[in-house]
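If you read the sequence from its start, that first residue is 1, and numbering goes on from there. If you're wondering where the values come from, they're calculated on a predicted model, not measured in any experiment.
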Amino acid sequence: MPRPRHRLTPSLLLVVAALVLASGGVGYAAGQITSSDIKDDTVQSRDIRDGTIAGRDVAPGSIPRDRLNTRCATGESKAFGGCVRRVATGPTSHQSAVDDCNRRGGRLPTIAELRWIATHDEYTWADGNLSQYEFSGDFTTEYPHTPIALDSFGFSVTNASGQLFWHHCVTS
């Protein structure tokens, strides 16, 4: 007795073609959508998987400070989009100050931030002596580029690399 032959019907071919297109279409679409295809202000927090965005992926100043969920450690206050210790550390070399802030996951404050710290009583300037200097994270613009330090009155040392000064860290 001869075996029955299976025939390829148009409906079977259509189903197979639809499956191939459906499975390949997702991969094609994923490879074709780029950031230029996404309309500004349309991606929301709920659209982003937790733990997939790092600090380096976010442009400075792009998140309003009041939206940051920053918890400061004991002895720190919220400032500059992060936390700042209320008491300065030091005296240390500039490299030791940079290393200290790096260990804390932070940075030295800018000159503008140091001026702000100097005007707020909740922060202790240097060792309490307002004429002491603190390192900033800013450098001179001319070569050789050297770190700048300030006292609380705004006077600066433009080559603070060989000095022992105090510092605050801005951590996030």
Test side-chain contact (heavy atoms from CB on, under 4.5 Å) applied to T89 and D100, step by step: CA-CA 9 Å; T89 304; D100 177 49; 4.3 Å; yes
Backbone N/O of N129 and side chain of Q132: donor-acceptor pair under 3.5 Å: no
Heavy-atom donor-acceptor pair, R86 side chain to E76 backbone, under 3.5 Å: yes
Exercise: identify the closest heavy-atom pair between A149 and A160: CB-CB, 3.8 Å
Chi angles and distances behind the side-chain contact (heavy atoms from CB on, under 4.5 Å) call for L114, W125: CA-CA 9 Å; L114 275 179; W125 185 265; 4.0 Å; yes
Heavy-atom closest contact (A126 atom, A88 atom, distance): O-CB, 3.5 Å
Heavy-atom closest pair, residues Y123 and R85: CD2-O, 3.6 Å
Sidechain-backbone polar pair: H167 side chain, E134 backbone, donor-acceptor under 3.5 Å: no
Donor-acceptor contact below 3.5 Å, side chain E113 vs main chain T110: yes
H145 side-chain N/O to T140 backbone N/O, donor-acceptor pair under 3.5 Å: yes
Interatomic spacing from CD1 in I117 to OG in S77 - rounded to 0.5 Å: 10.0 Å
side-chain contact (heavy atoms from CB on, under 4.5 Å) against I111, all qualifying residues, sequence neighbours excluded: R115, S136, D138, I148, L150
V84 and W116: CA distance, side-chain angles, deciding distance, side-chain contact (heavy atoms from CB on, under 4.5 Å) verdict: CA-CA 12 Å; V84 178; W116 185 90; over 6 Å; no
Test item: W166 and T124 side chains (from C-beta on) under 4.5 Å apart, heavy atoms: no
H94 and F135 aromatic centres sub-6.0 Å: yes
Pair R104-T171, side-chain donor/acceptor within less than 3.5 Å: no
Closest non-hydrogen atom pair, L108 against A97: CD2-CB, 4.1 Å
Polar side-chain atom of T146 near backbone of T158 as donor-acceptor pair, under 3.5 Å: yes
Nearest-0.5 Å distance, SG of residue C169 to CZ of residue R107: 10.0 Å
Separation between OG of S93 and CZ of F165, rounded to the nearest 0.5 Å: 11.5 Å
